[in-house]
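The structure presented is a predicted model; accordingly, all values stated were derived computationally and were not measured. Order of the sequence lines sets the chain letters (A, B, ...), proteins ahead of strands, with each chain counted from 1.
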Amino acid sequence: MPTLEKAYDARAVEDRWYARWESHGAFRGKIEAGKDPYCVMIPPPNVTGMLHMGHILNNTLQDIFVRRARLEGKAALWFPGTDHAGIATQTRVERKLRESGRTRHDLGREAFLEEVWQWKEEHGGIILNQLRKLGASCDWERTSFTLDAGYSRAVLTAFVHLFKRGYLYRGLRMSNWCPVSQTALSNEEVIMKPQKGTFYKMRYEIVERPGEYLQISTTRPETIMGDVAVAVHPEDERYRDLVGLHVWRPFPRASIPIIADEAVQRDFGTGALKVTPAHDQVDFEIGKRHDLPIVDVLNPDGTINQECGGPFGGMERFAARKAAAKLLEEQGNLVETQPYENMVGYSERADVPVEPRLTMQWWLRYPKVEEAKRAVLDGQLRFHPKRWEKTYLHWLETMERDQIDWCVSRQLWWGHRIPVWYRRGINREELDFSDPDQVHVSVEGPPDPENWEQDSDVLDTWASSWLWPFANFGWPDAGAEGSELRYFYPTSTLVTGFDIIFLWVARMVIAGLEFMGEEKEKLDADDIERRIPFRDVYITGLIRDAKGRKMSKSLGNSPDPLDLIGRFGADGLRFGIVNIAPSGQDILFSEDRIEVGRHFCNKLWNAARFRQMNGEVLENSSMESVTGRLAGASLTVYDHWILSRLVAVTAEVERCFKRFEMHAYPHALYEFFWSDYCDWYVEASKSRLKDEGTRGVVLAVQDLVMRQFLLLLQPITPFIADELWTSLGYAREDGFLNDEAIPTADQLKEAIEKVAGPLNGAAAEEVAGVQELISRMRAMKAEYAVASRRDVSFFVLADATCRRVLSQHEETILSLAQVGALEYVDIRPDSMPAAVTGLGTVFLDVAKAIDVGAERERLGKELIKLEKGIQAGQAKLSNPRFVESAPDAVVSGARDQLAATRAKYDEIRKLLASLPPSD
RNA sequence: GGGCGCGUAGCUCAGUUGGUUAGAGCGCCAUCUUCACACGGUGGAGGUCCGCAGUUCGAAUCUGCGCGCGCCCACCA
């Protein structure tokens, strides 16, 4: 058995253990007869991504759930993989090409895709190795990728099904266009941001009344060329007589009608709206209602086009805005400008304003929205913390009410190409999608490909990752009785951030409901139960810096997780980050806040070291072999107390997992181990360790505590747990903590009581009394500046009952309070500082004259505190309604407390009276 | 405009069916290098639980109003 070093060195331990785990296949998830399945699907990181703090928190929590499940005897599987991340990855490779002066179009589709695959081979999967450093217990042999052949087949199959079931359609609609990525985006990929700009008030001359003008406000004068009408509210008195007339559009000069439409807000701006159907959703709808032409003035890259762009053809859109304003001014048509801030949609990826643009896209009408809501309302799918259920439901309700469809096509090359073929030579504008001679939709493609042309778009990445929970198990081919899909699906817990509840979580639920079973229009409760992709969703907060700012590259406030692992240890980082994560709120990160994790590991390490130094490690390979050493032994009150606390902390951890209160989990571990075990139990048992006759019992208790504690701890700090598991002799031959079963609180209690008899329920109270006494004695020593002296004595004034307790604990008291002797007295010694405790009054023998004034003040302060307590207690107990209505336990508790407080109060009064008069 | 949440010690947060005289970590002050651990021990200072009103025998906890802050959703150009 190697001796442990003085300070814990995580580096020396962690890599070694991970390699052992992996080579022994410790994380392999498989069907195990008689065991309950437990499956976590990793939220697939972008294949070219790097580990950031969000991943650390998220994946630590997943690992905690999975490792705990293993200890609870479940067949656990953590399924890893990466996401092809269409826009992000394609953009990266295009950027690289641009460095050598090329674009993807120079290469052509096929050659470009080869380039991307090449990039993926070189740079993909770095993040997976980083997760190994963190200790993630993924089943790496399964590592999935959303563009793998099998996965792609699932994606295309889903598309074909949805098309055949009538949920997918192609349509010319207003969509969010990113001029940088040059593709359409879904609403969820557009982020609204406040943008400072200008509000331009301008005037259009009325055609039928030369010299008269209509004033119009806009933030976008660069789209004037696309104006096809001016709209006012039908009930707006100011403009009623103008409806039906025309105004002159200033450039290119043209006569456009003044129309009335209810979509116009009378009290906004001038109450007259320029209508640009090609570049605004509202305008588009007004255009439809009034049968207006559509004039598109933009190119796909956001520049103004030559055909309709009038004088600004070729200009970049924001330059054109300024130029248009200038031209208005020159024409005398600009009435005034004012600074203005409005919300503008930005492309999430490219971080530029998106353009509402009329384009031909594939749209998905969401199926099973009603069922997705019911899954949560009926409690089959649970969010933790629960309040996120409202966010989820709210989004689904909006989708349903406003019939918002999902734009699933992207004008990219990197992704799943849409499995739709159009017969060559047919006008694409007038296709009949129900005619298989014109449009072919299948996974395999048409049998005569030479006569067809495939849709050039690919699918939104989220339209592949929404199948993640079942596509990874081989759907649509798998699903037979006895298959992994049957065994592990629905998966157990999903851990993710609230930012993708819409993008991913809700859509996975919908996909599960739609595909995990026979095609069915309406689902009943049993169907929902079987089809949902997971039962529990644990939502994490966002990691921010210490000032509450989002972490970002540009701020440079995002620490490198690998660097942190190097300095704190993966265990230290894991413990630290979970320890500071409040329940479902954002997390303010700073290094000194996670230091506690490293310190805790070191404390644990040294406690194990202390155990090692005090006696040979004995046969410890099962709980019974440890408890067996307690048989027939006489346990002290401290033993009873710490073993009761061990049972209690085991129950507390069980509660944390059951209720998904993961912030309370490290707190419970920390407090038990540091305060109860190290500060009190280990310290109090030191004297018994020096005695041959009692050492064995103490070591057995320590071994039992450490064993159970390592099992409780392993999910959060797996490396050090396994290291100590082995060095303290708990490991079976070549085994891991990973393979062990954790005793439940009930099992632990039963095992202890079987050999040692019932645990003493009153031990806690007795220990608390001794702890109070010791603390008071230490405090007095510190106040009188004799803290470092061990030869001071205390006099004790106590009744017979207390004396009996004190004498039983005398050795502990002397050693923990660092006192030479306790001397029992029957009368109050004069002129000594004193403290009143539940076990009697203690007097510090300072062996010199005390400062009477200071002592009087000290006691006086305490008297005031006690007085307040007495008043509160009296007020309560003299109220008959309290005595009648409060539970008996509360009333008797209040009585006991009042009595104890009174006793202390009286004793202090006597102490004060016994002090000599201060002059 | 609609929705969600937060306000407790200098800082970050616990406090889950209302029940003793409100807690932790960090920071701060003092003290100790005593044979597990200075990544440590011991002691201490520090709080009108945002405010007001209400319900109750009893409120940090429940209700209402107000103040301050954060986030999400949303087509007022």
Side-chain angles (χ1 to χ4, degrees), chain A residues 4 6-8 174 187 192 199 216-220 223 231 263-269 272-276 280-285 342-343 345 356 385 387-388 390-391 394-395 398 402 498-499 501-502 542 546 548 572 579-580 582-588 590 592-593 595-596 598-614 659 661 663-664 667 670-671 675 678-679 682-683 686 775 778-783 785 787-788 790 816-818 865-866 868-873 875-876 879-887 889-891 893-894 896-898 901:
Chain A
L4 302 178
K6 185 170 171 180
Y8 175 57
M174 191 60 66
N187 293 347
M192 301 305 283
F199 206 34
I216 300 159
S217 299
T218 185
T219 54
R220 303 201 57 188
T223 62
V264 178
Q265 307 288 321
R266 272 176 283 184
D267 53 355
F268 187 83
L273 167 70
K274 71 188 215 37
V275 182
T276 322
D280 186 277
Q281 177 68 29
V282 176
D283 293 14
F284 176 68
E285 275 154 24
N342 63 344
M343 298 297 278
R387 63 188 167 88
W388 291 111
K390 291 179 190 162
T391 305
H394 193 255
W395 184 77
T398 308
D402 300 345
F498 59 83
D499 50 328
I501 288 177
F502 310 143
L542 207 68
N579 190 53
I580 63 167
S583 54
Q585 289 179 66
D586 287 353
I587 297 135
L588 302 192
S590 70
D592 41 321
R593 294 196 66 205
E595 240 178 0
V596 61
R598 185 171 57 113
H599 294 175
F600 183 73
C601 289
N602 193 57
K603 188 74 175 177
L604 180 70
W605 181 260
N606 274 287
R609 237 181 109 222
F610 179 71
R611 164 62 190 85
Q612 264 196 345
M613 291 163 77
N614 277 286
R659 300 170 66 158
E661 288 177 7
H663 62 285
H667 293 166
Y670 186 94
E671 193 191 336
S675 306
C678 291
D679 289 351
V682 170
E683 292 302 328
K686 274 180 176 170
S775 293
R778 285 165 171 170
M780 286 170 77
K781 285 182 69 187
E783 272 172 72
S788 55
R790 292 197 230 169
L816 293 203
Q818 302 277 26
K865 242 161 88 182
L866 292 167
K868 276 187 195 156
I870 290 171
Q871 276 165 9
K876 205 179 285 182
N879 181 341
R881 304 198 54 183
F882 169 72
V883 182
E884 281 161 30
S885 13
V890 173
V891 176
D896 292 352
Q897 200 197 357
L898 180 59
T901 310

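With C1' as the reference atom, B:U48 and B:U8 are 12 Å apart, rounded to whole Å. Using atom C1' as the reference point in both B:G7 and B:A38, the two lie 37 Å apart (nearest Å). Comparing the same atom, P, in B:U17 and in B:A60 gives a spacing of 15 Å after rounding to whole Å. One C1' atom belongs to B:G25, the other to B:C62, and the distance between them is 30 Å to the nearest Å. Spacing of P atoms, B:G10 relative to B:G40, comes out at 24 Å, to the nearest Å. Distance check on atom C1': B:G44 versus B:G27 gives 14 Å, rounded to whole Å. Rounded to a whole angstrom, the distance from the C1' atom of B:A14 to that of B:G51 is 24 Å. Remark: the separation of the P atoms in B:U61 and B:C6 is 13 Å, to the nearest Å.
Both A:Val682 and A:Arg387 lie near RNA chain B, and the one whose nearest nucleotide falls closer to the 5' end is A:Arg387. Taking for each of A:Cys601 and A:Ser775 the nucleotide of RNA chain B with the nearest heavy atom, the 5'-most of the two is the partner of A:Cys601.
Between A:Trp395 and A:Phe502, the ring planes are parallel. Angles under 30° get that label, and only those over 60° would be called perpendicular.
Using N1 to N3 plus N6-O4 or O6-N4 for Watson-Crick, or N1-O2 and O6-N3 for G-U wobble, each under 3.5 Å, B:G1 pairs with B:C73.
A straight line from CE of A:Met780 to P of B:U42 spans 19 Å, rounded to a whole angstrom. Nucleotide B:C26 holds its C1' atom 12 Å from the NE2 atom of A:His667, rounded to whole Å. One atom, CD of A:Gln818, and another, P of B:U31, lie 18 Å apart when rounded to the nearest Å.
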- Message: Protein within reach of the bases, or only the backbone? For nucleotides 71-77 of chain B, mark each nucleotide 5' to 3' as B, S or -, using heavy atoms under 4.0 Å.
- Response: --SBBBB
- Spell out protein contact along nucleotides 55-62 of chain B as letters: B when the base is contacted, S when just the sugar-phosphate is, - when no protein heavy atom is under 4.0 Å; keep the 5' to 3' order. --B-----
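The minimum heavy-atom distance between A:Ala782 and A:Ala787, with the atom names listed, is CA-CB, 4.1 Å. Of all heavy-atom pairs spanning A:Glu285 and A:Gln281, the tightest one is OE2-NE2, 2.6 Å.
Nearest nucleotide to the A:Asn602 side chain, out of B:A36, B:C39, B:U34: B:C39. Proximity note for A:Asp679 (side chain, C-beta onward) versus B:U34, B:G41, B:A36: the nearest is B:G41.
A:Lys603 forms no cation-pi arrangement with A:Tyr670, by the criterion of a distance under 6.0 Å to the ring centre and an angle within 45° of the ring axis.
Contact check, A:Arg778 against B:G43: a side-chain N or O comes under 4.0 Å of OP1 or OP2.
Checked by distance alone, A:Glu683 brings a side-chain donor or acceptor within 3.5 Å of a matching partner on the base of B:A36.
Using a distance-only test at 3.5 Å, with no hydrogens or angles considered, a donor-acceptor pair links the side chain of A:Lys781 to the main chain of A:Ala817. Counting only distance, with no hydrogens or angles, the side chain of A:Arg778 and the backbone of A:Gln818 share no donor-acceptor pair below 3.5 Å. Using a distance-only test at 3.5 Å, with no hydrogens or angles considered, no donor-acceptor pair links the side chain of A:Asn602 to the main chain of A:Ala7.
Between A:Arg881 and A:Glu884 no salt bridge is recorded (no basic side-chain N to carboxylate O distance below 4.0 Å).
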- Would you please test A:Phe498 and A:Arg387 for side-chain contact (heavy atoms from CB on, under 4.5 Å) and show each step? CA-CA 11 Å; A:Phe498 59 83; A:Arg387 63 188 167 88; over 6 Å; no
